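A short write-up of the structure that comes next.
Predicted model only: the values in this text are computed from it and were never measured. Numbered from 1 within each chain, the chains take letters A, B, ... in sequence-line order. Excluded from the calculations below are hydrogen atoms, water molecules and symmetry mates; all remaining heavy atoms, backbone and side chain alike, are included.
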There are 2 protein chains.
Amino acid sequence: MLSIETKRGTEWLAGAGLRPTRQRVALAELLVGDGQHRHITAESLHAAATDQTDGVSLATVYNTLKAFSEAGLIREIMVDGTKSYFDTRVDDHPHFFWEDEGHLTDAPKEQLEIASLPDAPAGTEIAKVDVVIRLRRT
Amino acid sequence: MLSIETKRGTEWLAGAGLRPTRQRVALAELLVGDGQHRHITAESLHAAATDQTDGVSLATVYNTLKAFSEAGLIREIMVDGTKSYFDTRVDDHPHFFWEDEGHLTDAPKEQLEIASLPDAPAGTEIAKVDVVIRLRRT
DNA sequence: TTGAATGCAAACGGTTTGCAGTTTC
DNA sequence: GAAACTGCAAACCGTTTGCATTCAA
């Protein structure tokens, strides 16, 4: 069908207590509408939104990504320094970063076995562990 | 003694085939002069250089960090997104990132055991594996 | 002497913000 | 109606760059 599905995205927002505005629903659909995980940047998401009938301003894309991120709906991944990347999958899992193309994909979590991890120093706890496997074309 | 030691830094530069200009030697000394590893940002290094008699312009700090990094003398660590961090220790090892203070320290490498790592996808090889343990105050 | 390195200031690029107008509840 | 959200444009801030000057070899 041609009509835009908005159910999943709306529920996703509701689960985080975020108001389902037109813009947020549109972005949420682009992010989780088909149930797949995605890696995006503000720029790529803005471009995707612009391709649709409902556009969303770049500033709102930034504000929304920040809001989603603070609500725990998405996670920011630090790989590039010049750009922010976000992942719709929020559990700890390793990433491949394709240095030549500057894009990010999930690495199979089952294939990563961490037998032991350094202890958190006194007075601190581990908030998250980022594992980024940087790839280069051979 | 009060005189500024410049031997180690000068040799360090020579080893990478970089000209030992006054500025580079000063920065190299600040980085490896005492044989200890350091985690720095352009800003912190510039501040440290300014505290000395020999100042170095901020642009030169940036250019120099880039040159050192390309020469393999230091390594850039991606943790913050808003700032670039560099490490004078260049082997693969895990880091603690103290989210509250925004600073970086080495995590004990012996305590990290990776039993298995995802395979590099066809046509690629692993350039490096970044492990960042993000800490939060309890 | 000559190519490389430096420093200043201006440019850059991704991100944030102030504020007026709009929308959700 | 009140509070939250949006969009525009301007501000921001770490970083890079153009170019004239200085320096190492």
For a quick test of reading the model: is some side-chain N or O of Y62(B) closer than 4.0 Å to OP1 or OP2 of dT16(D)? no

Please confirm whether the shortest side-chain N or O distance from S57(B) to OP1 or OP2 of dG7(C) is below 4.0 Å. yes

L117(A) with L135(B), same ILVMFWY side-chain cluster at under 4.5 Å: yes

Which listed nucleotide (dT6(D), dA9(D), dT17(D)) is nearest to the side chain of A59(B)? dT17(D)

Proximal nucleotide (of dG7(C), dG7(D), dT17(C)) relative to the V56(B) side chain: dG7(C)

Whole-Å distance separating the [atom1] atom of [X] from the [atom2] atom of [N]:
{"X": "L18(A)", "N": "dC25(C)", "atom1": "CG", "atom2": "C1'", "value": "15 Å"}
{"X": "L58(A)", "N": "dT6(D)", "atom1": "CG", "atom2": "P", "value": "14 Å"}
{"X": "I40(A)", "N": "dT15(C)", "atom1": "CD1", "atom2": "P", "value": "11 Å"}
{"X": "R24(B)", "N": "dA5(C)", "atom1": "CZ", "atom2": "P", "value": "4 Å"}
{"X": "K66(A)", "N": "dA4(D)", "atom1": "NZ", "atom2": "P", "value": "16 Å"}
{"X": "L65(A)", "N": "dT6(D)", "atom1": "CG", "atom2": "P", "value": "12 Å"}
{"X": "H46(B)", "N": "dT6(C)", "atom1": "NE2", "atom2": "P", "value": "13 Å"}
{"X": "Q23(A)", "N": "dG21(C)", "atom1": "CD", "atom2": "P", "value": "18 Å"}

Those residues at least two apart in sequence (or on a different chain) that pass side chain to side chain contact (heavy atoms under 4.5 Å, CB included) with V132(A) are V79(A), F97(A), R134(A), D130(B)

By side chain to side chain contact (heavy atoms under 4.5 Å, CB included) - contacts of A14(A) (at least two apart): none

Mind running a 4.0 Å heavy-atom check of residues 70-89 of chain B against DNA chain C and sending the residues that fall below it, in number order? none

Look at [X] together with [Y] and state whether they make a salt bridge at an N to O cut-off of under 4.0 Å.
{"X": "K109(A)", "Y": "D91(A)", "value": "yes"}
{"X": "K83(A)", "Y": "E43(A)", "value": "yes"}
{"X": "E99(B)", "Y": "R137(B)", "value": "no"}

Once you round to the nearest 0.5 Å, how far does OG1 of T88(B) lie from CD1 of I40(B)? 8.5 Å

Got a sec, which pairs hit ring pair (Phe, Tyr, Trp, His ring centres under 6.0 Å) with one end in residues 34-58 of chain A, sequence neighbours left out? H39(A)-H95(A)

Selection residues 14-27 of chain B - residue pairs positive for salt bridge (Lys or Arg N to Asp or Glu O under 4.0 Å), sequence neighbours left out: R22(B)-D54(B)

For nucleotides 20-25 of chain D, 5' to 3', base contacts (B), sugar-phosphate-only contacts (S) and non-contacts (-) with protein non-hydrogen atoms under 4.0 Å give -----S

